[in-house]
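Structure first, commentary second.
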Amino acid sequence: MNGAELFDGRPVITYPSPRADEARFVTVGLLVDQFVAVVWTEREGAVRLISLRRARNAEQRAYREIFG
């Protein structure tokens with residue numbers, strides 16, 4: 001499973017996950033029929049993936065509220 005696939009134009013939700021030293025974001029979507037969340041940031045003009053994990057229940061609910 002490759003977290004970068006979430007950025008291929010499929011339906012996702014993204015919200016900020018701020019940290020003291022840099023702005024971070026969480027993007028939630030479906031990969032291989034599983035809800036996943038990718039934490040990422042922008043550094044030097046490039047998107048840097050920090051982690052990939054199973055989406056939390058609240059994140060799954062938020063996704064379903066928007067996309068069904």
Side-chain angles (χ1 to χ4, degrees):
M1 190 175 311
N2 179 355
E5 292 177 41
L6 281 185
F7 300 94
D8 66 2
R10 69 185 69 209
V12 296
I13 59 171
T14 299
Y15 62 91
S17 179
R19 293 186 44 112
D21 56 337
E22 68 183 350
R24 290 187 178 184
F25 303 90
V26 178
T27 296
V28 177
L30 284 167
L31 283 181
V32 194
D33 297 325
Q34 293 182 4
F35 282 103
V36 298
V38 172
V39 179
W40 58 277
T41 191
E42 282 191 49
R43 290 185 192 147
E44 300 173 6
V47 172
R48 305 290 183 178
L49 302 186
I50 296 166
S51 68
L52 170 68
R53 61 171 169 76
R54 184 183 69 80
R56 296 180 179 126
N57 291 338
E59 292 168 331
Q60 292 179 35
R61 281 192 300 274
Y63 181 95
R64 287 187 176 117
E65 285 178 11
I66 295 170
F67 299 110

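Side chains included, hydrogens not; waters and symmetry mates left out as well; all remaining heavy atoms used.
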Using distance only, find each side-chain donor-acceptor pair of residues 60-68 under 3.5 Å and give its atom names and separation, not counting sequence neighbours.
{"from": "Q60", "atom 1": "NE2", "to": "A55", "atom 2": "O", "distance (Å)": "3.0"}
{"from": "Y63", "atom 1": "OH", "to": "P11", "atom 2": "O", "distance (Å)": "3.3"}

Side-chain donor/acceptor pairs under 3.5 Å, residues 2-10, sequence neighbours excluded:
{"from": "N2", "atom 1": "OD1", "to": "A4", "atom 2": "N", "distance (Å)": "3.0"}
{"from": "D8", "atom 1": "OD1", "to": "R10", "atom 2": "N", "distance (Å)": "3.2"}
{"from": "D8", "atom 1": "OD1", "to": "R10", "atom 2": "NE", "distance (Å)": "3.0"}
{"from": "D8", "atom 1": "OD2", "to": "R10", "atom 2": "NH2", "distance (Å)": "2.7"}
{"from": "R10", "atom 1": "NE", "to": "E5", "atom 2": "O", "distance (Å)": "3.1"}
{"from": "R10", "atom 1": "NH1", "to": "L30", "atom 2": "O", "distance (Å)": "2.8"}

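By the criterion of side-chain heavy atoms lying less than 4.5 angstrom apart, applied directly or through intervening Ile, Leu, Val, Met, Phe, Trp or Tyr residues, L31 is not grouped with F35; the two fall into different hydrophobic clusters. Linking Ile, Leu, Val, Met, Phe, Trp and Tyr whenever their side-chain heavy atoms come within less than 4.5 Å puts L49 and L52 in one cluster. Two different hydrophobic clusters hold I13 and V36 under the rule that ILVMFWY side chains link at heavy-atom gaps under 4.5 Å.
A salt bridge links E59 to R53: at least one charged side-chain nitrogen sits closer than 4.0 Å to a carboxylate oxygen.
Evaluation of the ring-ring contact (aromatic ring centres under 6.0 Å, His included) test over residues 8-31, restricted to residues two or more places apart or in two chains, returns F25-W40.
Here the closest heavy-atom approach between residue S17 and residue V26 is recorded as CB-CG2, 3.7 Å.
A distance-only check finds a donor-acceptor pair linking the side chain of T41 to the backbone of A23 [under 3.5 Å].
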